Trainee: 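One structure coming up, written as structure tokens, with questions to follow.
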Amino acid sequence: MKRIRMVIGYDGTNYAGYQVQPNGNTIQAELEKALRKMHKGDQVKVVASGRTDARVHAVGQVIHFDTPLHIPIANWKRALGSLLPDDIQVVSAEQATEEFHARYDAKGKEYRYYVYQAHEPDLFRRHYTHHVRAELDINRMREACRHLEGEHDFTSFCSPKTDIKGAKVRTIYKAEITKEGNDMVFVFRGSGFLYNMVRILVGTLLEIGRNERDPEDVKRIIEAKNRNEAGKTAPPQGLFLWEVFY
């Protein structure tokens, strides 16, 4: 047996998320279905760096699986990619050590969230951006981002449905917003992220950008450790898992 490590990308528009579930097609289900074909009906379990929700995308999701097949590592990208639907792509493949674990070895992740700020929506980008009609004050949002950086308990910025027990302490190394024309990109790089955390961060920042909250409110929200104190959860289609760090 050898362990294969892959970076995959996917358009999450038509999926119920990454993780296998009883109702709805998922990214993991498609990966394991393709691997089952390659392994003549034998089940191959795929492990990912973490799950993504319905309609959320990935550019740099990392997975691993074990295989007895003697396929040259240079051929794995094409071999598996040819069996996947065209909205899932194998970006790279390499042989990993037996000890490598896509989830437990991850040291950090980067997520990016795309907002299209304009009076009229863009029909052809509706699956990949969150359309916002209101004017947004990017300087106020950037000021708020500074309060997010560092180590904090992000209980206020995660869904009550999160399955993590105990303290929800994470470190955000970078929180920044770039703008080009009508496009805004919210970039978050951190040690790890809680369930819905990035989408709640973005939803709160957008309220600050619309002058519904003050940048300083972020400190109070963090200290409250109460989901009701933060903003609305931004919709899923603007979110991309950009990179996983090891």
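It should be emphasised that the depicted structure is a prediction, and the values quoted were computed from it without experimental measurement. Below, all heavy atoms of this structure are taken into account, side chains as well, without hydrogens, waters or symmetry copies.
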Trainee: If I compare all heavy atoms of Arg213 with all of Glu207, which pair ends up nearest, and what's the gap?
Mentor: NE-OE1, 2.5 Å
Trainee: Out of the candidates Cys158, Ser156, Ser159, Pro160, only one should pair with Arg227 under the side chain to side chain contact (heavy atoms under 4.5 Å, CB included) rule; please name it.
Mentor: Pro160
Trainee: If you count heavy atoms of other groups shown closer than 6.0 angstrom to NZ of Lys232, is the number above 12?
Mentor: no
Trainee: Would Leu35 and Leu83 show up in the same hydrophobic cluster when neighbours are defined by side-chain heavy atoms closer than 4.5 Å?
Mentor: yes
Trainee: Taking 4.0 angstrom as the limit, do Arg170 and Asp153 come out as a salt bridge?
Mentor: no
Trainee: Rounded to the nearest 0.5 Å, what's the gap from CD1 on Ile222 to CG on Leu148? Could you check?
Mentor: 5.5 Å
Trainee: Kindly give the heavy-atom pair with the smallest separation between Gln237 and Phe240, and that separation in Å.
Mentor: O-CE1, 4.3 Å
Trainee: Is it true that Asn196 and Asp53 share a donor-acceptor pair across their side chains at a distance under 3.5 Å?
Mentor: yes
Trainee: What are the two closest heavy atoms between Arg126 and Leu123, and how far apart are they?
Mentor: NH1-O, 2.7 Å
Trainee: Please tell me whether Tyr114 and Val187 are part of a single hydrophobic cluster in this structure, the criterion being side-chain heavy atoms less than 4.5 Å apart.
Mentor: yes
Trainee: Any salt bridge between Asp214 and Arg140, counting N to O under 4.0 Å?
Mentor: yes
Trainee: Just wondering, more than 12 heavy atoms not from Gln43 lying within 6.0 Å of its CD?
Mentor: yes
Trainee: Has His101 got a side-chain atom pairing as donor or acceptor with Tyr104's backbone, closer than 3.5 angstrom?
Mentor: yes
Trainee: Under the ring pair (Phe, Tyr, Trp, His ring centres under 6.0 Å) test against Tyr111, which residue among Phe193, Phe188, Phe186 passes?
Mentor: Phe193
Trainee: Does any N or O in the side chain of Glu110 come within less than 3.5 Å of the main-chain N or O of Val244, such that one atom is a donor and the other an acceptor?
Mentor: no
Trainee: Quick one: closest heavy-atom pair of His147 and Pro215, and the distance?
Mentor: CD2-O, 3.4 Å
Trainee: For residues Tyr10 and Thr52, is any side-chain donor paired with an opposing acceptor at under 3.5 Å?
Mentor: yes
Trainee: Quick check: is Met184 connected to Val59 through a chain of hydrophobic side chains (ILVMFWY, heavy atoms under 4.5 Å apart)?
Mentor: no
Trainee: One thing to verify: whether Glu32 and Lys45 come together as a salt bridge, which I'm taking to mean a side-chain N less than 4.0 angstrom from a carboxylate O.
Mentor: no
Trainee: Roughly how far, to the nearest 0.5 Å, is the CD atom of Gln28 from the CD atom of Gln61?
Mentor: 10.0 Å
Trainee: Is it true that Arg3 and Glu98 have a side-chain N and a carboxylate O under 4.0 angstrom from each other?
Mentor: no
Trainee: Go through Glu149 and Arg146 one step at a time and tell me if the salt bridge (Lys or Arg N to Asp or Glu O under 4.0 Å) criterion holds.
Mentor: CA-CA 6 Å; Glu149 292 180 337; Arg146 291 199 293 270; over 6 Å; no
Trainee: Does the pair Ile27 and Ile8 meet the rule for a side chain to side chain contact (heavy atoms under 4.5 Å, CB included), with working shown?
Mentor: CA-CA 10 Å; Ile27 304 298; Ile8 63 167; 4.3 Å; yes
Trainee: Aromatic rings Tyr113 and His130: how do their planes relate, parallel, tilted or perpendicular, breaks at 30° and 60°?
Mentor: perpendicular
Trainee: Give me the ring orientation class for Tyr128 and His57: parallel if the planes are under 30° apart, tilted from 30 to 60°, perpendicular past 60°.
Mentor: tilted
Trainee: Mark yes or no for whether Gln21, through its side chain, and Ala16, through its backbone, hold a donor-acceptor pair below 3.5 Å.
Mentor: yes
Trainee: How far does OG of Ser191 sit from CD of Glu151, to the nearest 0.5 angstrom?
Mentor: 7.5 Å
Trainee: Considering non-hydrogen atoms only, spot the tightest contact between Gly203 and Ala234 and give its length.
Mentor: N-CB, 4.1 Å
Trainee: Tell me whether Leu69 shares a hydrophobic cluster with Val90, the cluster being built from Ile, Leu, Val, Met, Phe, Trp, Tyr side chains joined at under 4.5 Å.
Mentor: yes
Trainee: Mark yes when over 12 heavy atoms from residues, nucleotides or ligands other than Arg220 sit less than 6.0 Å from its CZ; otherwise mark no.
Mentor: yes
Trainee: To the nearest 0.5 Å, tell me how far Leu194 CG sits from Phe157 CZ.
Mentor: 11.5 Å
Trainee: Judged by atom type as modelled, is there a donor-acceptor pair below 3.5 Å linking the side chain of Lys179 to the main-chain atoms of Gly181?
Mentor: yes
Trainee: Return the CD1 to CD1 distance between Ile73 and Ile4, rounded to the nearest 0.5 Å.
Mentor: 3.5 Å
Trainee: Does any N or O in the side chain of Lys77 come within less than 3.5 Å of the main-chain N or O of Val91, such that one atom is a donor and the other an acceptor?
Mentor: yes
Trainee: Report the distance from atom CD1 of Ile177 to atom CG of Asn139, rounding to the nearest 0.5 Å.
Mentor: 9.5 Å
Trainee: Does any non-hydrogen side-chain atom of Leu241 lie less than 4.5 Å from one of Lys109?
Mentor: yes
Trainee: Counting N and O atoms only, with roles assigned by atom type, does the side chain of His152 sit under 3.5 Å from a partner on the main chain of Thr171, one being a donor and the other an acceptor?
Mentor: no
Trainee: Establish, for the pair Arg51 and Tyr195, whether the NZ or CZ atom is under 6.0 angstrom from the six-membered ring centre and no further than 45 degrees off its axis.
Mentor: no
Trainee: With a 4.5 Å cut-off on side-chain heavy-atom distances among I, L, V, M, F, W and Y, is there a chain of contacts connecting Tyr15 to Val46?
Mentor: yes
Trainee: Between Gln19 and Thr26, is any side-chain donor less than 3.5 angstrom from a side-chain acceptor?
Mentor: no
Trainee: Taking all heavy atoms of Lys2 and all of Ile71, pick out the closest pair and write down the distance.
Mentor: NZ-O, 3.2 Å
